[in-house]
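Scroll down for the structure; my scribbles are underneath it.
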Amino acid sequence: MKIPLLVDTDPGIDDALALVLALRSPQCSVESITTVAGNVSVERCTLNMFRILDVLKPERLPVVSRGADKPLARSLVSAPHVHGDDGLGNLAELKAADGSLRYPRPRLTLSPLDGPDLILDTIGRFPGELVLVALGPLTNLALALQRDARRMALLRRLVIMGGAVGVPGNVTPVAEFNFYVDPEAAAQVLASGLPIELVPLDITRNAILPRSVLQKRLAVCPDPVSRFVADMTQRGFEFAEEIGEGGITLHDPVALGIALDPSLTHFEPVHVAVECEGVLTRGMSVADLRMIAAGRKAPATCRVARGLRADTFLDLFLDRLCPASW
Ligand code: BDR
Ligand code: CA
């Protein structure tokens with residue numbers, strides 16, 4: 001049986017790459033997608049989600065819901081400098097040779113349910129089976145927990161891209177973006193007792209996609225998806241150059257890849273909590289990595305992904321973008 005997936009996301013360039021991976025992987029079926037404010041506003045994230053579906057044209061369209069438009073207790077901090085003003089590397093502005101828009105505005109066919117209710121509804125369709133992959137701030141998940149924690153406990157796995165456990169953050173010296181944007185939501189989800197697999201910056205930073213590698217692979221299959229990926233990633237590569245990295249960091253695709261194939265990593269049960277009070281430490285993931293007897297520590301709140309088989313992951317990712325045997 002295919003793995004039923006729900007993807008909670010704030011597309012975002014690397015979110016879009018993760019969705020390409022999910023929608024082109026035969027071992028899973030993307031049942032539902034919930035958007036959330038993060039990289040850009042939730043309106044833009046939702047529009048982007050339909051742009052991605054327009055290009056990918058999956059055989060079965062997932063149910064899509066617009067989720068939370070702001071964090072639980074704070075105003076939104078977004079990242080247009082990373083992902084472009086439109087969240088997808090400004091491809092909304094690109095023109096074809098005849099002057100028409102290369103990516104016309106898609107039609108939005110939205111679920112009548114809001115994001116948290118679609119999460120609960122989809123769990124109800126697949127009790128004990130659904131794998132939820134969270135690629136943005138955890139606002140929708142926290143709201144779903146507040147509405148029905150017992151239903152949420154029927155998730156099979158909850159794979160979260162977020163946190164910086166033993167490495168510096170990417171927004172502040174100590175905080176990763178998704179946890180920084182909505183620390184209260186991240187704290188509530190981590191304290192929930194759900195079967196969380198945390199995929200932090202510690203390992204996503206090892207998945208770097210160099211421009212030359214992507215270009216070489218996309219040249220093998222010059223289809224509309226390849227063109228979309230090439231257009232969208234321009235801004236991502238520019239940003240990588242600005243910050244001195246050798247390519248786009250595939251944060252969200254790594255989390256999606258681990259949802260599909262947990263053997264890409266290994267897990268360590270760890271007590272991780274999220275700082276909501278600190279002036280300098282907002283959104284910090286505080287992991288109890290002390291070398292003391294396990295019985296003297298607070299119980300683990302999640303299993304943290306430690307180490308990534310980066311080459312195997314990159315092969316999987318590139319193969320889904322464009323099979324080498326095209
Ligand atoms: C996370 O932040 C976002 O900008 C990315 O999409 C990813 O989910 C990495 O810190
Ligand atoms: Ca994201």
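Ligands are counted one by one from 1 in listed order, and the atoms in each one are counted from 1 as well. Computed from a predicted model, the values in this text were never measured in an experiment.
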Next on the checklist: Regarding Asp231 and Arg51, does a basic nitrogen lie under 4.0 Å from an acidic carboxylate oxygen?
Outcome noted: no
Item to check | Element-labelled atoms of ligand 1 that are located less than 4.0 Å from some non-hydrogen atom of Asn178 | outcome: 1 (C), 2 (O), 7 (C), 8 (O)
Item to check | Leu135 atom O and Asp10 atom OD1 as seen from the Ca ion (ligand 2), angle to 10 degrees | outcome: 90°
Next on the checklist: If you define the side chain from C-beta out and look only at heavy atoms, does anything of Asp14 sit under 4.5 Å from Leu250?
Outcome noted: no
Checklist entry - With no hydrogens and no angle check, do the side chains of Ser226 and Asp223 hold a donor and an acceptor under 3.5 Å apart? => result yes
Checklist entry - Could Arg147 and Asp114 be called an ion pair, given the rule that one side-chain N must be under 4.0 Å from one carboxylate O? => result yes
Checklist entry - Side chain or backbone of Asp15 under 4.0 Å from ligand 1, or both, or neither, by non-hydrogen atoms? => result side chain
Checklist outcome for this item: The reported gap from CG in Leu321 to SG in Cys221 (rounded to nearest 0.5 angstrom) is 8.0 Å
Checklist entry - Is ligand 1 under 4.0 Å from a heavy atom in the side chain of Thr204, in the backbone, in both, or in neither? => result neither
Item to check | Ionic contact status for Arg235 with Glu242, cut-off 4.0 Å | outcome: yes
Next on the checklist: Within the 4.0 Å heavy-atom shell around Met161, which atoms of ligand 1 are there?
Outcome noted: 1 (C), 7 (C), 8 (O), 9 (C)
Item to check | Apex the Ca ion (ligand 2); atoms Asp15 OD1 and Asp252 OD2; angle rounded to 10 degrees | outcome: 70°
Checklist entry - Below 3.0 Å, any N, O or S contact between Asp14 and the Ca ion (ligand 2)? => result no
Checklist outcome for this item: Of all protein heavy atoms, the one nearest atom 8 (O) of ligand 1 is Asp252 OD1, 2.7 Å
Next on the checklist: If the cut-off is 4.0 Å to any non-hydrogen atom of Asn170, which atoms of ligand 1 fall inside it?
Outcome noted: 9 (C), 10 (O)
Checklist entry - In the protein, which heavy atom is nearest to atom 1 (C) of ligand 1, and how far is it? => result Glu176 OE2, 3.3 Å
Item to check | Minimum-distance pair of heavy atoms, taken over all atoms of Val131 and Ala259 | outcome: CG1-CB, 4.2 Å
Item to check | Protein contact to atom 6 (O) of ligand 1 [nearest heavy atom, distance to 0.1 Å] | outcome: Asp14 OD1, 2.5 Å
Item to check | Ion pair Glu31/Arg60, N-O distance below 4.0 Å | outcome: yes
Checklist entry - Below 4.0 angstrom, N of the basic side chain to O of the carboxylate: do Arg205 and Glu245 qualify? => result no
Checklist entry - Tell me, which protein residue and heavy-atom name are nearest atom 3 (C) of ligand 1, and how many Å apart are they? => result Asn39 OD1, 3.3 Å
Checklist outcome for this item: In ligand 1, the atoms that come under 4.0 Å of a heavy atom of Phe177 are 2 (O), 3 (C), 4 (O), 10 (O)
